Amino acid sequence: VQLQASGGGLVQPGGSLRLSCAASGGIFSVNLMAWYRQAPGQQRELIATITSDGSTDYADVVKARFTISRDNAKNTAYLQMNSLKPEDTAVYYCSANVDWYGGDSVGRRDFWGQGTEVTVSS
């Protein structure tokens, strides 16, 4: 199973970006999906989660500005980021809890994407 995150870039304060996270490979089902971010010199922080039935939760620092969504048919999660601030500058990572298969093996575990960089600057 692989997670591919994309959509980062340079944006001015007040602008918007939409990140995508696509899971592929031997997948029975994708359960909880989440977005994290890690700013320079900071620890990685959880910012948004979404369950398979669409229930969402957000860290206070992004609530009302960011929206997490998913397309279960595409095994893809999205993070719509509006009203971006310089303090949102970070590498954004996605994770997914996946029921996977491969060869003669099956299991459930968390997988991580490679990260996509978001820079908010004028």
Side-chain angles (χ1 to χ4, degrees):
V1 175
Q2 292 185 329
L3 259 60
Q4 181 68 44
S6 60
L10 173 64
V11 62
Q12 292 187 340
S16 299
L17 278 176
R18 188 192 194 208
L19 306 183
S20 298
C21 173
S24 62
I27 297 172
F28 284 124
S29 62
V30 180
N31 307 309
L32 187 77
M33 300 187 80
W35 286 97
Y36 292 74
R37 69 184 183 187
Q38 186 167 18
Q42 304 292 321
Q43 290 190 331
R44 189 174 298 188
E45 63 174 341
L46 175 65
I47 57 171
T49 62
I50 185 166
T51 64
S52 57
D53 63 0
S55 296
T56 60
D57 198 12
Y58 299 92
D60 288 342
V61 293
V62 304
K63 200 171 289 185
R65 297 188 299 123
F66 291 10
T67 302
I68 188 171
S69 61
R70 65 190 286 169
D71 183 335
N72 289 334
K74 296 180 179 179
N75 290 329
T76 299
Y78 305 95
L79 187 68
Q80 177 67 43
M81 306 186 293
N82 298 329
S83 303
L84 282 161
K85 306 174 182 180
E87 50 264 43
D88 294 318
T89 294
V91 178
Y92 284 70
Y93 298 90
C94 62
S95 74
N97 181 264
V98 178
D99 292 311
W100 60 271
Y101 63 90
D104 295 329
S105 300
V106 298
R108 173 180 288 182
R109 56 160 282 200
D110 293 335
F111 292 86
W112 288 85
Q114 82 286 7
T116 184
E117 190 165 3
V118 172
T119 302
V120 184
S121 175
S122 55

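Since the structure is predicted, the reported quantities are computational estimates derived from the model, not experimental observations.
- Of the inter-residue distances, the one linking Trp100 atom CH2 with Asn97 atom CG reads 12.5 Å to the nearest 0.5 angstrom.
- The ring of Phe66 has its center no closer than 6.0 angstrom to the ring center of Tyr58.
- Within the 3.5 Å criterion, the main-chain N or O of Ser52 finds a donor-acceptor partner in the side chain of Asn72.
- The nearest pair of heavy atoms linking Gln42 to Gln38 is O-NE2, 3.1 Å.
- Val11 and Leu19 fall within a single hydrophobic cluster, where Ile, Leu, Val, Met, Phe, Trp and Tyr side chains are chained together by heavy-atom contacts under 4.5 Å.
- Remark: the backbone N or O of Thr119 is not paired with any side-chain donor or acceptor of Ser121 at under 3.5 angstrom.
- At least one donor-acceptor pair closer than 3.5 Å links the side chain of Arg70 to the backbone N or O of Thr51.
- A distance of 8.0 Å separates CH2 of Trp35 from CE of Met81, quoted to the nearest 0.5 Å.
- A perpendicular orientation is assigned to the rings of Tyr93 and Trp112, their planes being inclined by more than 60° (bins at 30° and 60°).
- Residues Ser6 and Thr116 approach most closely at C-OG1, 4.0 Å, considering heavy atoms.
- Taken together through direct or relayed side-chain contacts under 4.5 Å among Ile, Leu, Val, Met, Phe, Trp and Tyr, Val91 and Leu79 form parts of separate hydrophobic clusters.
- Atom OG of Ser20 and atom CG of Leu3 lie 11.5 Å apart (nearest 0.5 Å).
- Between the side chain of Gln2 and the main chain of Gly25, no donor-acceptor pair closer than 3.5 Å is present.
- When all heavy atoms are compared, the tightest approach of Cys21 to Met33 is O-CE, 4.0 Å.
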Criterion side-chain contact (heavy atoms from CB on, under 4.5 Å) on Leu32 and Ile50, from CA distance to verdict: CA-CA 6 Å; Leu32 187 77; Ile50 185 166; 5.9 Å; no
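- Note on Phe111: it does not cluster hydrophobically with Val106, by side-chain heavy-atom contacts below 4.5 Å among ILVMFWY residues.
- A donor atom on one side chain and an acceptor atom on the other are not found under 3.5 Å apart for Arg44 and Tyr36.
- Counted within 6.0 Å of NZ on Lys74, heavy atoms from surrounding residues, nucleotides or ligands total 12 or fewer; the atom is thus considered open.
- Considering every non-hydrogen atom in both Ser122 and Pro13, the closest pair reads N-CD, 3.7 Å.
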Residues Gln12, Val120; criterion side-chain contact (heavy atoms from CB on, under 4.5 Å); working and verdict: CA-CA 5 Å; Gln12 292 187 340; Val120 184; over 6 Å; no
Candidate pair Leu17 and Leu84, rule side-chain contact (heavy atoms from CB on, under 4.5 Å), full reasoning: CA-CA 8 Å; Leu17 278 176; Leu84 282 161; 4.2 Å; yes
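- Ion pairing of Lys85 with Asp88 is absent here, as no side-chain N (NZ or NE/NH1/NH2) approaches a carboxylate O to less than 4.0 Å.
- Open room surrounds CD on Gln43; 12 or fewer heavy atoms of other groups in view lie less than 6.0 Å from it.
- Between Gln114 and Ala5, the shortest heavy-atom contact is NE2-O, 2.8 Å.
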Worked check of side-chain contact (heavy atoms from CB on, under 4.5 Å) between Val62 and Arg37: CA-CA 11 Å; Val62 304; Arg37 69 184 183 187; 4.0 Å; yes
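- Under the 3.5 Å distance criterion, with hydrogens and angles disregarded, a donor-acceptor pair is assigned to the side chains of Asn82 and Ser16.
- Separation of atoms CZ (Arg108) and CZ (Phe28) is listed at 11.5 Å; rounding is to 0.5 Å.
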Check against side-chain hydrogen bond (donor to acceptor under 3.5 Å, both in side chains), Asp99 and Ser29: CA-CA 5 Å; Asp99 292 311; Ser29 62; 2.7 Å; yes
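- Taken together through direct or relayed side-chain contacts under 4.5 Å among Ile, Leu, Val, Met, Phe, Trp and Tyr, Tyr78 and Ile47 form parts of separate hydrophobic clusters.
- Nearest heavy atom pair, residue Ala34 against residue Thr49, reads CB-CG2, 3.9 Å.
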